[in-house]
Amino acid sequence: MISRDGTVLALSGGIGGAKLALGLSHVLPSGRLAVVANTGDDFEHLGLSISPDIDTLMYTLAGLDNPETGWGRAGETWNFMAALEALGGETWFRLGDRDLATHVERTRRLAAGETLSAITADLCRRLGVGPRILPMSDDRVRTRVKTDEGWLDFQDYFVRRRCAPRVLELSFAGASQARPQFEFLRLLDAPDLRAVVICPSNPFISIDPILAVPEVREALRQCAAPVVAVSPIIGGKAVKGPTAKMMAELGLPISAAEVARRYDGLIDGYVADHADVGAMSGLSVQVAFARTLMQSLDDRIALARAALDFADALQDRRVAAE
Ligand code: GDP
């Protein structure tokens with residue numbers, strides 16, 4: 001019997017996922033949320049180890065995120081960038097002064113031999129983040145994008161080239177040798193796991209890297225708790241970012257149902273927007289409809305509740321059928 005007091009495990013990329021993670025953090029009792037972050041976007045730049053999705057989650061859950069940019073820290077200043085530019089340095093990846101401290105400290109501690117997990121846990125504690133943020137792996141995984149201009153490192157494609165090149169294929173270098181983060185795997189198998197929520201993140205570049213880590217797919221399939229995904233596509237469009245553009249370039253229909261199909265065999269339920277009611281037939285999973293556009297904090301909380309209620313209902317049905 002899975003307890004309603006159990007732990008919820010969310011899988012997330014950056015901005016879209018962090019919005020739902022914030023909602024979940026408001027709905028769940030303290031200590032009951034763990035968020036697994038994609039680290040395929042991580043890269044080394046200006047000698048620094050940068051983990052964009054971990055940082056977006058960390059700042060969002062600490063209430064330190066920058067609502068204007070959607071990334072980085074609130075109240076940011078840009079003295080470092082301006083000084084770097086004056087020296088002729090590389091400025092295509094914007095690093096605010098406060099944000100820079102995170103990367104400097106992470107880089108120092110990684111070089112001293114600490115794991116990304118341990119560093120993230122400590123930074124979260126210092127910034128007052130309640131939920132646990134778990135990197136998908138402490139081993140190095142790097143998303144690479146095959147485009148009509150050749151293979152690009154992820155941030156070259158995403159930030160430097162602003163997703164302009166046409167995507168042909170994605171690869172997650174290092175994934176096949178990576179070990180899943182130990183707590184991530186332990187939670188998937190934990191008797192008190194209440195639900196797994198796949199956040200409305202880009203399926204190709206935020207969720208697929210997590211699923212590419214060995215044992216993760218199998219652990220999700222075996223998991224006794226319900227696995228529910230929330231659609232990142234609303235009314236046939238992405239809210240932001242290149243999800244829809246990538247689907248078109250990869251020859252896929254741009255629809256909420258197509259994202260659900262990508263998670264076939266892994267999920268028990270899918271939360272789609274009311275706008276997509278007419279476009280969800282033929283799926284092998286149960287579908288629930290909700291308002292999935294998260295503009296306000298209340299929207300984030302309401303969607304988190306809807307996803308959890310759906311997961312609990314799926315679990316009740318499963319128990320009743322046994
Ligand atoms: P990234 O790391 O910035 O790409 O962030 P994610 O991968 O977490 O999120 C990108 C996806 O989130 C896009 O497909 C967006 O459509 C989706 N997204 C962003 N905001 C929302 C929202 O409010 N509701 C829903 N349902 N999806 C959203």
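Any value given below was found using the heavy atoms of this structure, including those in side chains, with hydrogens, waters and symmetry copies removed. One-based numbering, in listed order, for ligands and for the atoms of each.
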Contacting atoms of ligand 1, where contact means under 4.0 angstrom from a heavy atom of [X]:
X: Asn202; answer: 6 (P), 7 (O), 9 (O), 10 (C), 11 (C)
X: Gly17; answer: 8 (O)
X: Gly14; answer: 1 (P), 2 (O), 5 (O), 6 (P), 8 (O)
X: Ser206; answer: 2 (O), 6 (P), 7 (O)
X: Pro200; answer: 9 (O), 11 (C), 12 (O), 17 (C), 18 (N), 25 (C), 26 (N), 27 (N)
X: Ala238; answer: 16 (O)

Approximate separation, where rounding is to 0.5 Å, of Asp122 CG and Leu127 CG =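 With rounding to 0.5 Å, CG (Asp122) is 9.5 Å from CG (Leu127).
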Write out the residue and atom name of the closest protein heavy atom to [atom], then the distance separating them to 0.1 Å.
atom: atom 23 (O) of ligand 1; value: Met294 N, 2.8 Å
atom: atom 28 (C) of ligand 1; value: Val239 CG2, 3.5 Å
atom: atom 20 (N) of ligand 1; value: Lys19 NZ, 2.9 Å
atom: atom 25 (C) of ligand 1; value: Thr292 O, 3.4 Å
atom: atom 15 (C) of ligand 1; value: Lys240 O, 3.4 Å
atom: atom 8 (O) of ligand 1; value: Ser201 OG, 2.8 Å
atom: atom 5 (O) of ligand 1; value: Ile15 N, 3.2 Å

Report yes or no: does a heavy atom of Ser231 sit under 4.0 Å from some atom of ligand 1?
->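 Distance cut 4.0 Å: Ser231 passes for ligand 1.
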At a 4.0 Å cut-off, with the gap strictly under it, does some heavy atom of Ile234 reach an atom of ligand 1?
->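 Right, Ile234 reaches ligand 1.
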Partner of Asp55 under salt bridge (charged side-chain N to carboxylate O under 4.0 Å, His left out), chosen from Arg98, Arg73, Arg106 |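 With Asp55 as partner, salt bridge (charged side-chain N to carboxylate O under 4.0 Å, His left out) holds for just one option, Arg106.
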Could you tell me whether [X] and [Y] have a side-chain N and a carboxylate O separated by less than 4.0 Å?
X: Glu249; Y: Lys245; value: yes
X: Asp138; Y: Arg179; value: no
X: Asp309; Y: Arg305; value: no

What orientation do Phe93 and His45 show, parallel under 30°, tilted 30 to 60°, or perpendicular over 60°?
->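 Rings of Phe93 and His45: perpendicular, as their planes differ by over 60°.
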Distance only, no hydrogens: is a donor on one side chain within 3.5 Å (strictly under) of an acceptor on the other, for [X] and [Y]?
X: Asp99; Y: Tyr59; answer: yes
X: Gln286; Y: Arg317; answer: yes
X: Asp264; Y: Ser284; answer: yes
X: Tyr157; Y: Thr143; answer: no
X: Glu76; Y: Trp78; answer: no

Using a 4.5 Å cut-off on heavy atoms from C-beta on, say whether the side chain of Arg132 contacts that of Thr7.
->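 Of all side-chain heavy-atom pairs linking Arg132 with Thr7, at least one is under 4.5 Å.
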Any side-chain heavy atom of Met58 sitting closer than 4.5 Å to one from Asp65?
->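 Not touching, per the 4.5 Å side-chain cut-off.
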N/O separation below 3.5 Å, [X] to ligand 1:
X: Leu293; result: no
X: Phe158; result: no
X: Gly16; result: yes
X: Ala18; result: no

Under-4.0 Å heavy-atom contact with ligand 1, by part of [X] that carries it:
X: Asp53; value: side chain
X: Gln295; value: neither
X: Thr243; value: side chain

